[in-house]
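Heads up: the structure comes next, in structure tokens.
Note that the structure is a prediction, hence the values are computed from the model and not measured. Just so we're on the same page: letters track the sequence lines, and every chain starts at 1.
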Amino acid sequence: MVKSRSTRIGDWVIVFICVIAILVCLLPVLNIAARSLSTAEALIRNEVFLWPKGFNFSAYETVLSDSKYTWSLAWTAILTVICTIWSLFMTILCAYPLIYDNLKGKKFIIALILFTMYFNAGTIPTYLLLKELHLLNNPLVLIIPNCISVFYVIILRSFLYGIPESLRESAELDGAGPLRILVNVYLPLSTPVLATLALFYAVGRWNGFTDALLYMSDRKYYPIQLLLYNILNSINSIEVATQEGFTTPGLSETIKSATVMFATVPILIVYPWLQRYFISGVTLGAVKG
Amino acid sequence: MSNSKVSKTLSYFKRYWILYVMLLLPVAFFIIFRYIPMGYIQIAFKNYSIVKSPWEMEWADNHGFQYFIQAFSNRDFLYAIRNTLMLNFLDLLFGFPAPIILALILNELAFKRFKRFTQTVVYLPHFLSWIIISGMALQLFAPTNGLINIMLNRMGFPSIPFLNDPVYWVVMYVLLGIWQSVGWNTIIYLAAIAGINPELYEAASVDGAGRFRKIWHVTLPGLRPTIIVLLILSLGHILSSEFDRPYALSNKLVTEVSNVISIFVYNYGIRGLQFSLSTAVGLFQSVVCVIFLFAANALAKKTGERGIW
């Protein structure tokens, strides 16, 4: 098809707009990365834009030599792995039985689950319950109370529902029970959506801090985001900066950038690998949910 | 007759009991962590006591509504309502149309590979936590040595206290919200655009419609149901408040505009231990949210749309 001249100009205007959108999304990350790799003096002289001045890793070395920060990184990584596996397990357990149309009590269970999407008890009642259950300050409080997202159950159920019933019926004729059908038929067919949900749960845990802020006062179990918040919002109390020689304001600025980078890089690493999966997963839940 | 019914039920359970076993853990989760806390809501109407169970606590004054009265005569709470409504309204006004516009632009991109790349990049901010975004914003917009203010200074303008002045803070709150979510929110619109019958575009071309006329007469009408559903949900959440975003972006200089209801509950409940008052506030918020959601849905149905139920 031959395009008219005005259409071609329009195409390039749109490309231009998109380039600006890309820059707006990427430049802040690049700026922080450049700051974290620069010398403190260059930062104070306002010389750092997108390329580091006086390239060095000393801010990273300082952060890595701070045992609180490295422990928090490791703890958050462990927590993220455990939470993702447990959440995925619970989500499958919740979504799979609900695709059986003849399951007795199905409507009631679905209503029970959906209701929690529209009305929740609120922060304080939940807090008091967790207190009663002795879960406050217990590391389990970062895993259990938010392990199932109703929205993700809906996404998974819609996907499983879309798998042809004839597959299930033929497996049933071969004498397979629901559990075997789940493991041998449904799960292998749903790797894309499971990968999507795993990404969402993992990112949610890695980025989450509200539950830790509310329910966890033991600093040992602070996830990285909460520690990061404390570092960013209190220049003086930053553990690394109070060490001898690191009290110059400029250096604490590069250290701040380095701590931000540490919390960001894991996401930047996983993201490109998983992003081809998640679009199909999201739209599925959106269209049917 | 009834015998065969019993045996049928038996064989049914014999076959499917495992499904109920599977549901046991998730249902227990919802009952314990979502329904049992609802029993604690009654402390909104009672005088909280640490030694008694909620059922044994004494009823509050004024027929149990003492803490609601107290909330509405509390300046902090009234500010929190105002701030919640203001920030959500601004989000709706600017944040809601933004992904629609971006989706229309992305859809017009003629180069498929570049489109994929653009999508990958603009989805990225959605995966950054508000703490990280706040950390980046604090450095980029810092009054003396932030990149943006340095550039303003070099162009001859004075520094702007982006995150330390209430008015600028509100603007930044909305802009950073758009930055974080606009790309991600295009996904749903792009999916809806992909579902539009291509023949409609061909017919429009035959009729001599240009780019803008096709967007106006084909794409936007095709997006209408999606827009309406998402608008209902946003309207339903006009009094709900995120916690992460205002908490992470806020600082001592801007609390007059950044304290939303969720932060009020945190400050008075978790930190101030005023459990009855903060539960009352939370209950008020939840109930209003449900009412708004139903009202918005009913309104949409009245205007001939599908609604969310």
[options]: which one forms the most heavy-atom pairs within less than 4.5 Å of chain B?
options	answer
A:N146, A:N31, A:I144, A:L213	A:L213
A:A21, A:P145, A:G105, A:C147	A:P145
A:P178, A:A263, A:G208	A:P178
A:V203, A:L228, A:I113, A:L112	A:L112
A:V153, A:N102, A:V29, A:L182	A:N102
A:T123, A:I267, A:T126, A:I148	A:I148

Under a 4.5 Å heavy-atom cut-off, does chain B meet the side chain of [X], its backbone, both or neither?
X	answer
A:L135	side chain
A:Y127	side chain
A:L226	neither
A:T91	neither
A:I109	side chain

Less than 4.5 Å apart, side chain to side chain, heavy atoms only: is that true for [X] and [Y]?
X	Y	value
A:I14	B:K115	no
B:F117	A:I22	yes
A:P28	B:W179	yes
A:F115	B:F30	no
B:Y16	A:K104	no
B:T120	A:Y271	yes
A:S257	B:Q139	yes

For [X], is it the side chain, the backbone, both or neither that has a heavy atom under 4.5 Å from a heavy atom of chain A?
X	result
B:L128	both
B:R15	both
B:Y247	both
B:F275	both
B:I43	side chain
B:I50	side chain
B:Y48	side chain

Distance, nearest 0.5 Å, that separates [atom1] of [X] from [atom2] of [Y]:
X	Y	atom1	atom2	answer
B:Y266	A:I124	OH	CD1	10.5 Å
A:F200	B:H126	CZ	NE2	6.0 Å
B:I132	A:L232	CD1	CG	9.5 Å
A:C18	B:L109	SG	CG	4.0 Å
A:L129	B:Y35	CG	OH	15.0 Å
B:M22	A:M90	CE	CE	13.0 Å

More than 12 heavy atoms of other groups within 6.0 Å of [X] [atom1]:
X	atom1	answer
B:K112	NZ	yes
B:R211	CZ	yes
B:Y201	OH	yes

**Request:** May I ask you to decide if the ring planes of B:F243 and A:F209 are parallel, tilted or perpendicular, using 30° and 60° as cut-offs?
**Result:** tilted

Among [options], which has the most heavy-atom pairs under 4.5 Å with chain A?
options	value
B:V27, B:D244, B:L25	B:D244
B:L147, B:L283, B:T279, B:V281	B:L147
B:L24, B:L124, B:I18	B:L124
B:S286, B:G39, B:G269	B:S286

**Complete:** In terms of heavy-atom contacts, A:P125 and B:P37 come closest through CB-O, 3.3 Å

**Request:** List the atom of A:L103, the atom of B:Y12, and the distance in Å for their closest heavy-atom pair.
**Result:** CA-OH, 3.0 Å

**Asked** Picking from A:T116, A:N120, A:L133, what satisfies side chain to side chain contact (heavy atoms under 4.5 Å, CB included) with B:F33?
**Response** A:L133

**Message:** Using side-chain contact (heavy atoms from CB on, under 4.5 Å), reason through B:I131 and A:I224 one step at a time and then give a plain yes or no.
**Reply:** CA-CA 10 Å; B:I131 303 278; A:I224 189 71; over 6 Å; no

**Prompt:** Does the ring center of A:W12 lie less than 6.0 Å from the ring center of B:F111?
**Reply:** yes

**Request:** Go through the steps for A:I17 and B:E108 under the test side-chain contact (heavy atoms from CB on, under 4.5 Å), then give the verdict.
**Result:** CA-CA 11 Å; A:I17 296 172; B:E108 292 296 318; over 6 Å; no

**Request:** Check step by step if side-chain contact (heavy atoms from CB on, under 4.5 Å) holds for A:Q225 and B:W130.
**Result:** CA-CA 9 Å; A:Q225 304 292 341; B:W130 276 108; over 6 Å; no

